[in-house]
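Reading through the structure tokens given below for one structure.
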Amino acid sequence: MAVCFRCHRFGASAPSSVDHHRTLARKNKVWPASVPSLLAGHEAIRKWGFQMKSFNGYPLNVVSSQKEEPYADHSKAKEEQIDSTVSITVVGASGDLAKKKIFPALFALFYEDCLPKHFTVFGYARTQLTDEELRNMIGKTLTCRIDKRENCGDKMEQFLERCFYHSGQYGSEENFLELDRKLKDKEVGKSANRLFYLSIPPNIFVDVVRCASRTASSPTGWTRVIVEKPFGRDSQSSGELTRSLKQHLTEDQIFRIDHYLGKELVENLSVLRFSNLVFEPLWSRKFIRNVQLIFSEDFGTEGRGGYFDSYGIIRDIMQNHLLQILALFAMETPVSLDAEDIRNEKVKVLRSMRTLQLDDVVVGQYKGHTRAALFIDNARWDGVPFLMKAGKALHTRRAEIRVQFRHVPGNLYKRNFGTDLDKATNELVIRVQPDEAIYLKINNKIPGLGMRLDSSNLNLLYASRYPREIPDAYERLLLDAIEGERRLFIRSDELDAAWALFTPVLKELDDKRIAPELYPYGSRGPVGAHYLAAKYKVRWGDLISQYS
Ligand SMILES: NC(=O)C1=CN([C@@H]2O[C@H](COP(=O)(O)OP(=O)(O)OC[C@H]3O[C@@H](n4cnc5c(N)ncnc54)[C@H](OP(=O)(O)O)[C@@H]3O)[C@@H](O)[C@H]2O)C=CC1
Ligand SMILES: O=C1O[C@H](COP(=O)(O)O)[C@@H](O)[C@H](O)[C@H]1O
């Protein structure tokens with residue numbers, strides 16, 4: 001029996017999404033006992049330019065405005081689910097992201113037996129390619145998991161046989177109609193489900209959505225669209241993009257991707273916090289002095305300079321990746337693990353945040369480096385600085401969350417630490433990448449007859465504890481989109497709240513033409529940033545820690 005890594009990971013009895021079990025059911029030709037009941041009430045009327053029937057959205061779409069009609073006959077639902085195809089069209093298939101991430105992630109899912117039995121992958125772009133040329137192009141980028149290489153070549157061949165290409169213009173309904181015909185040719189079963197991945201520059205998102213919705217949406221199943229960032233460049237343009245997309249799609253059909261939400265340690269944040277008694281009680285201003293969200297890359301904007309010059313590091317990393325992590329870190333306990341419950345809590349925390357002030361921003365430049373101090377004005381986090389720093393062309397590549405706890409009041413051992421109490425502060429580090437790890441800095445007696453203390457790490461290093469390769473973020477997110485799981489995608493009100501925090505300062509930086517502090521390639525970034533941290537009595541954990 002084929003079981004994909006996701007169910008392996010959760011264990012057979014743990015809750016998983018309905019669609020995923022349908023997928024497994026389809027593959028295994030069995031029907032898990034829990035699924036028929038979950039399928040009840042599940043034929044939704046969807047808007048995709050016109051009304052159509054679909055299976056997606058239940059029970060994950062709490063906010064869905066779509067009307068759900070119950071299935072009178074469960075066996076009918078079962079039959080239709082088994083008897084369907086999923087087509088994934090990568091729009092912008094000739095581009096960097098498609099080659100680097102999307103096709104390899106789809107292959108990894110296929111390799112792990114996570115894709116539905118009947119699936120096809122289509123590349124769409126203007127570049128003229130034959131199916132064979134697309135396969136050659138993709139073939140160069142596919143890899144098998146290091147820890148599971150058996151049948152790798154065969155699996156690649158089987159995957160590539162399911163890949164096809166259609167060349168067309170992004171604004172041509174006729175070209176999308178041609179795509180529709182090709183999709184239909186490959187679709188088997190009663191329902192055809194279609195996923196479009198917009199891996200293209202943002203100025204053509206709406207053209208593609210308009211054409212695809214009018215001529216290439218599925219008449220018999222669901223149609224979903226994954227949209228890549230950037231989602232606008234400020235509140236206004238983001239709002240316009242959302243409104244334009246919603247002329248052709250419902251919110252439930254739009255999957256706004258932030259690939260940081262698909263990273264293993266970001267997913268684990270809620271588990272760490274809500275399933276461990278030792279952390280949750282400490283998770284507030286009472287015990288936490290500051291939180292640091294750090295992103296750095298040891299390379300510049302190679303190959304993407306044009307995009308980056310226009311968007312900059314605040315829009316590229318802070319307003320999305322780091323802010324999303326912050327929201328997950330700081331949110332209240334959600335009512336459940338359902339997508340809408342989690343996203344509701346994230347929106348609340350974002351809306352409780354103070355708009356970023358120019359005084360709390362330091363901008364540096366080799367090719368973009370910014371540090372900022374943010375605050376959440378609610379009872380849990382009042383007065384706690386959340387410091388973000390993000391930059392390219394720095395001395396190291398890392399993404400991590402550092403939680404610095406308060407000093408121990410009336411510490412019996414304070415004389416043993418000398419004058420620098422910061423050195424004795426507990427610090428929890430969640431290292432998202434590279435070398436995924438969670439470690440907690442604690443004070444300990446150095447063994448011996450004297451009483452000397454030092455700082456040591458309780459260290460959960462993933463490579464030692466979990467030797468199997470960690471799936472790429474795009475794998476998790478693509479699978480979620482196929483299954484209709486929206487938890488890790490950005491809802492439009494989340495996006496509005498995120499832009500509201502950054503838009504005024506972005507405008508001020510532009511209007512006042514604030515000159516960035518220059519720093520050398522490969523350095524630790526602008527010196528001025530230390531003053532910003534000092535203003536809030538913070539020292540950057542990555543710069544002081546002996547284990548950093
Ligand atoms: N690359 C990355 O690492 C990341 C990318 N993203 C986002 O993903 C999306 C795709 O990124 P990426 O693959 O790097 O983008 P590319 O610049 O490589 O563009 C993808 C494809 O779109 C077409 N295209 C490019 N420019 C234009 C244009 N001006 N007008 C019409 N078509 C154009 C080209 O295909 P053709 O000429 O064949 O039609 C190109 O192959 C973007 O929105 C990007 O911001 C997000 C995170 C990371
Ligand atoms: O979204 C983006 O992310 C990448 C970094 O992603 P990672 O998974 O390699 O950490 C960044 O390089 C790029 O500028 C940005 O657009």
Side-chain angles (χ1 to χ4, degrees), residues 89-105 123-129 133-134 137-138 141 165-172 175-176 179 196-209 211 225-233 238 241 255-266 293-325 367-370 390-394 396-400 431-436 470-477 490:
T89 302
V90 181
V91 183
S94 55
D96 180 58
L97 186 73
K99 284 186 264 191
K100 211 169 60 185
K101 293 288 185 185
I102 304 170
F103 291 119
Y124 185 102
R126 296 171 306 182
T127 302
Q128 296 287 339
L129 292 177
E133 284 166 334
L134 174 84
M137 185 187 89
I138 299 173
T141 67
Y165 186 76
H166 185 69
S167 165
Q169 299 297 318
Y170 298 109
S172 162
N175 292 162
F176 276 90
L179 172 72
F196 291 85
Y197 195 128
L198 304 194
S199 182
I200 43 175
N203 57 318
I204 46 178
F205 286 168
V206 179
D207 279 348
V208 170
V209 165
C211 296
V225 180
I226 299 182
V227 186
E228 261 295 346
K229 70 180 239 290
F231 316 117
R233 45 180 301 114
S238 168
L241 176 63
F255 287 69
R256 296 178 192 83
I257 201 165
D258 181 319
H259 76 280
Y260 266 63
L261 291 180
K263 294 204 182 251
E264 188 60 46
L265 271 88
V266 177
L293 301 138
I294 298 170
F295 169 96
S296 77
E297 282 180 341
D298 55 1
F299 49 90
T301 57
E302 287 87 334
R304 296 184 73 214
Y307 152 80
F308 197 82
D309 288 345
S310 144
Y311 280 84
I313 196 92
I314 296 183
R315 293 182 178 94
D316 192 41
I317 304 292
M318 286 186 162
Q319 182 271 346
N320 35 69
H321 303 329
L322 295 188
L323 192 61
Q324 283 296 320
I325 295 177
K367 268 291 182 186
H369 183 287
T370 306
K392 288 180 180 270
L394 293 168
T396 182
R397 173 178 176 255
R398 78 169 73 204
E400 63 189 15
R431 192 162 61 217
V432 175
Q433 66 187 34
D435 306 324
E436 291 85 346
I470 294 176
D472 187 76
Y474 281 87
E475 292 174 42
R476 188 188 314 277
L477 295 167
I490 319 286

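When a residue number appears, it is its place in the shown sequence, counting from 1. In each ligand, atom 1 is the first atom listed, and ligand 1 is the first ligand listed.
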Distance-only N or O hit between ligand 1 and Gly92, under 3.5 Å: no
His259 and Tyr474: CA distance, side-chain angles, deciding distance, ring-ring contact (aromatic ring centres under 6.0 Å, His included) verdict: CA-CA 6 Å; His259 76 280; Tyr474 281 87; 5.2 Å; yes
Evaluation steps, salt bridge (Lys or Arg N to Asp or Glu O under 4.0 Å), between Glu400 and Arg431: CA-CA 4 Å; Glu400 63 189 15; Arg431 192 162 61 217; 5.3 Å; no
Minimum-distance protein heavy atom relative to atom 44 (C) of ligand 1: Lys229 O, 3.6 Å
Any N or O of Ser94 closer than 3.5 Å to N or O of ligand 1: yes
Glu228, portion touching ligand 1 at heavy-atom distance under 4.0 Å: side chain
Under 4.0 Å to a heavy atom of Glu297 - the qualifying atoms of ligand 2, by number: 4 (C), 5 (C), 11 (C), 12 (O)
Distance-only N or O hit between ligand 1 and Ile200, under 3.5 Å: yes
Enumerated ligand 1 atoms positioned under 4.0 Å from heavy atoms of Asp96: 1 (N), 2 (C), 3 (O), 13 (O), 14 (O), 18 (O)
Protein contact of atom 16 (O) of ligand 2 - nearest heavy atom, named by residue and atom, plus distance: Asp316 OD1, 2.6 Å
Output field: ring centroids Phe255/Tyr197 closer than 6.0 Å: no
Under-4.0 Å protein heavy-atom contact, atom 17 (O) of ligand 1: no
Straight-line distance of Gln169 CD to Ile204 CD1, nearest 0.5 Å: 9.5 Å
Asp316/Lys229 under salt bridge (Lys or Arg N to Asp or Glu O under 4.0 Å): CA gap, chis, key distance, verdict: CA-CA 8 Å; Asp316 192 41; Lys229 70 180 239 290; 3.2 Å; yes
Rounded distance (nearest 0.5 Å) linking atom CD1 of Ile102 with atom CD1 of Ile257: 7.5 Å
Contact atoms of ligand 1, heavy-atom distance to Ala125 under 4.0 Å: 38 (O), 39 (O)
N or O pair under 3.5 Å between Tyr170 and ligand 1: yes
Geometric N/O contact Leu97 with ligand 1, under 3.5 angstrom: yes
Under-4.0 Å salt bridge between Glu436 and Lys263: no
Atoms in ligand 1 flagged as close to Ile204, the criterion being non-hydrogen separation under 4.0 Å: 31 (C), 32 (N)
Criterion salt bridge (Lys or Arg N to Asp or Glu O under 4.0 Å) on Glu228 and Arg256, from CA distance to verdict: CA-CA 6 Å; Glu228 261 295 346; Arg256 296 178 192 83; over 6 Å; no
Which of the ligand 1 atoms, numbered from 1, are nearer than 4.0 Å to a heavy atom of Lys100: 1 (N), 2 (C), 3 (O)
Subset of ligand 2 atoms that lie under 4.0 Å from at least one heavy atom of Lys392: 11 (C), 12 (O), 13 (C), 14 (O)
Test side chain to side chain donor-acceptor pair (under 3.5 Å) applied to Gln433 and Tyr260, step by step: CA-CA 11 Å; Gln433 66 187 34; Tyr260 266 63; 3.2 Å; yes
Ligand 1 to His259 polar contact by distance, N or O atoms, under 3.5 Å: no
Geometric N/O contact Gln433 with ligand 2, under 3.5 angstrom: yes
Main-chain N/O of Ala105 paired to Asp472 side chain as donor or acceptor, under 3.5 Å: no
